[in-house]
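This report concerns only the one structure given below.
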Number of protein chains: 2
Amino acid sequence: MALEHAILVSLLEQPGSGYELARRFDRSIGYFWAATHQQIYRVLKRMESDGLIGSRAVAQQDRPDKKEYSVGPLGRAALSAWLHEPIEPESVRHELAVKIRGAAFDDPAALVQEVQRHRRAHADRLAHYLAGELRDFTGPEAPAPLDAGQELQHVVLRGGIAYERMTLAWLDDVIATLRRLGPER
Amino acid sequence: MALEHAILVSLLEQPGSGYELARRFDRSIGYFWAATHQQIYRVLKRMESDGLIGSRAVAQQDRPDKKEYSVGPLGRAALSAWLHEPIEPESVRHELAVKIRGAAFDDPAALVQEVQRHRRAHADRLAHYLAGELRDFTGPEAPAPLDAGQELQHVVLRGGIAYERMTLAWLDDVIATLRRLGPER
DNA sequence: GTGCACATGTAACCTGTTACATGATTGG
DNA sequence: CCAATCATGTAACAGGTTACATGTGCAC
C-alpha cells in the first residue's frame with residue numbers, strides 16, 4: 001500500500017490537510033505516485049483510525065477551516081518498517097507501447113499525431129521539472145548547502161528529468177519508424 | 001481498459017490459449033503491460049461473451065487440451081476504434097522514488113542495499129532485452145527485411161532498452177547520493 | 001510417487017476511477 | 001450574482017492482487 005507511505009512521507013516533510021495533500025500529489029511527490037483527492041481522503045481516514053496520524057482542526061481567516069494531519073509515532077514506525085522491507089522492482093505499464101504494437105493491424109502513420117501529442121506532454125513536463133530544479137536546487141535562490149531531505153528530493157527529480165529526456169528521444173524514434181512504415185506498406 | 005486491447009494485439013499477432021497469453025504477458029508485450037493469468041482468464045471470458053473474440057477447443061497430444069482464442073471482426077473493429085482515440089500520457093508510478101524521499105526520515109545509507117538490488121534487476125532486464133533484440137531483430141538469425149509488425153515490436157523494445165539504460169544510470173546516481181548523505185549527517 | 005510444465009478456473013479483497021454532492025469565502 | 005479557489009466528503013463501479021482449487025501427462 002504505497003499511497004499510505006507516500007502520504008506519511010509528504011506529511012513528515014510538512015503537515016497538512018487532505019486538500020493540501022491532494023495539491024502536493026498534483027506536483028512534487030505526485031509526479032512519482034499519483035492520487036486523487038477521493039483516494040487521499042479515504043486513506044487519511046483509515047490512517048487516522050489506525051493511529052498512524054493525528055489531526056487537529058485549524059481555523060483560518062479568509063478560508064474555510066481545515067483539518068491538519070500530522071504523523072504520530074506509530075506512523076513513523078510504520079514508515080521506518082516499510083523502508084527496511086524490500087519491494088519488487090516495478091514493472092512498467094505503458095499503454096502507448098500497446099498502441100504502437102497495435103498499429104501493425106491498422107494504419108501506422110495514423111498514430112503519428114497521437115505520438116506527437118504525447119511528445120508535447122513530455123516536453124512540457126521536462127520543462128516544468130527543469131524549472132523546479134533551478135528554483136529549488138541549482139539556481140541562485142536555492143538554499144546552499146542542501147539538507148538531506150532536499151538532496152533526496154533532488155535526486156528523485158533528476159530521475160524524472162532523465163526519464164522525460166529518454167522518453168522524448170524514444171518518441172522521436174517512434175515517430176520516425178511510424179512514418180517510415182507509412183499507410184501503404 | 002487497456003488489458004483488453006493488449007490481449008487483442010497479442011491474439012492478432014498469434015492466436016492462443018489463456019495459458020499461452022499469460023506466458024506472453026510474462027515476456028514480450030507483458031514488459032509494457034503486466035497481467036496475471038487470473039486477470040487474463042477473467043477478461044477473455046468477458047471478451048468472448050461480448051463477441052470480440054472466438055474460441056475453439058484444440059486437442060493436444062502429450063498435454064491437456066486447450067481453448068484457442070482468436071480475434072473476430074468485432075474485436076478488430078474495437079481495436080481499430082481504440083487506436084484512433086487519444087489516450088492520456090501516462091503518469092509514472094515509482095514506489096522506489098517514494099522510498100528514496102522517505103529515507104530522509106530514516107538512515108539513507110540503509111537504503112543502498114535495496115537500491116542495489118533494484119539495480120541488479122534492471123541490469124538483468126536490460127541484458128534480457130538486448131539478447132531478444134539480437135535474436136529477433138539485429139542478429140544474423142533475424143529476418144531481413146522486417147515486416148511492419150516486427151519493426152513496431154522492435155521500436156517498442158528499443159524503448160524498453162532505453163528505459164533500462166536510463167534507470168541504471170539514475171540508480172547509480174541514487175546510490176552515490178545515499179552514500180554521500182550517510183547515516184551520520 | 002513427486003515434482004514440474006501445462007491448463008483453467010473461483011473467491012475475497014484491496015485499490016483506483018468517475019460521478020455526484022455540499023458548503024465557505026473572495027474577487028470581479 | 002457568478003466563477004474560482006478552498007475544503008471535505010459519499011457511492012458505485014472497474015481493475016488488479018492474492019489465495020485457493022483442480023486436473024493432465026511426463027520425467028526422474
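Every chain is numbered from 1 and lettered A, B, ... according to where its sequence line falls, protein lines coming before strand lines.
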Original post:
What do the steps show when you test Ser91(A) against Arg125(B) for side-chain hydrogen bond (donor to acceptor under 3.5 Å, both in side chains), and what is the final call?
Top reply: CA-CA 11 Å; Ser91(A) 48; Arg125(B) 214 175 285 177; over 6 Å; no
**OP:** Answer yes or no: are there more than 12 heavy-atom neighbours, outside Gln116(A) itself, under 6.0 Å from its atom CD?
**Re:** yes
Original post:
Does atom CD of Glu141(B) have more than 12 heavy-atom neighbours, drawn from other residues, nucleotides or ligands, at distances under 6.0 Å?
Top reply: no
Original post:
According to the Watson-Crick and G-U wobble definition with distances under 3.5 Å, which dot-bracket string, read 5' to 3', encodes DNA chain D, using [ ] for crossing pairs and | for pairs with another strand?
Top reply: ||||||||||||||||||||||||||||
Subject >> Any Gln60(A) side-chain nitrogen or oxygen under 4.0 Å from OP1 or OP2 of dA24(C) >> reply: no
**OP:** Please collect all ring-ring contact (aromatic ring centres under 6.0 Å, His included) contacts where either partner lies in residues 89-125 of chain A, sequence neighbours excluded, each pair once.
**Re:** His94(A)-Trp170(A)
**OP:** Kindly state each residue pair satisfying ring-ring contact (aromatic ring centres under 6.0 Å, His included) with at least one member in residues 27-59 of chain A, sequence neighbours excluded.
**Re:** Tyr31(A)-His128(A), Tyr31(A)-Tyr129(A), His37(A)-Tyr41(A)
Original post:
Rounded to the Å, how far apart are Glu90(A) CD and dG16(D) C1'?
Top reply: 15 Å
**OP:** Please state how far atom CG in Asp65(A) lies from atom P in dA24(C), giving the value in whole angstrom units.
**Re:** 11 Å
Distances under 3.5 Å between protein N/O atoms and the N/O atoms of nucleotides 23-28 of chain D, please, pair by pair.
none

**OP:** Tell me yes or no: between the side chains of Arg101(A) and Ser28(B), is some donor less than 3.5 Å from an acceptor?
**Re:** yes
Subject >> Check against side chain to side chain contact (heavy atoms under 4.5 Å, CB included), Leu8(A) and Ile53(A) >> reply: CA-CA 8 Å; Leu8(A) 286 173; Ile53(A) 56 177; 4.1 Å; yes
Subject >> Letter per nucleotide, 5' to 3', of nucleotides 9-18 of chain C [B base touched, S only sugar-phosphate touched, - untouched; heavy atoms, 4.0 Å] >> reply: BB-B--SBBB
List the atom pairs, with distances to 0.1 Å, where a side-chain N or O of residues 154-162 of chain B and a protein N or O form a donor-acceptor pair under 3.5 Å, not counting sequence neighbours.
| unit_1 | atom_1 | unit_2 | atom_2 | d |
| --- | --- | --- | --- | --- |
| His154(B) | ND1 | Arg158(B) | NH1 | 3.1 |
| His154(B) | NE2 | Glu133(B) | OE2 | 2.7 |
| Arg158(B) | NE | Asp173(A) | OD2 | 2.7 |
| Arg158(B) | NH2 | Asp173(A) | OD1 | 2.9 |
| Arg158(B) | NH2 | Asp173(A) | OD2 | 3.4 |
| Arg158(B) | NH2 | Thr177(A) | OG1 | 3.3 |

**OP:** May I ask you to decide if the ring planes of Tyr163(B) and Tyr163(A) are parallel, tilted or perpendicular, using 30° and 60° as cut-offs?
**Re:** perpendicular
Original post:
Are Glu114(B) and Lys99(B) ion-paired here, with the side-chain N under 4.0 Å from a carboxylate O?
Top reply: yes
**OP:** Quickly work out the Arg23(A) CZ to dT8(D) P distance and round it to whole Å.
**Re:** 10 Å
Subject >> Value in whole Å for how far the P atom of dT17(D) lies from CD of Glu88(A) >> reply: 12 Å
Original post:
Between the side chains of Arg23(A) and Ser17(A), does any donor sit under 3.5 Å from an acceptor?
Top reply: no
Original post:
What integer distance in Å separates Ile7(B):CD1 from dG16(D):P?
Top reply: 10 Å
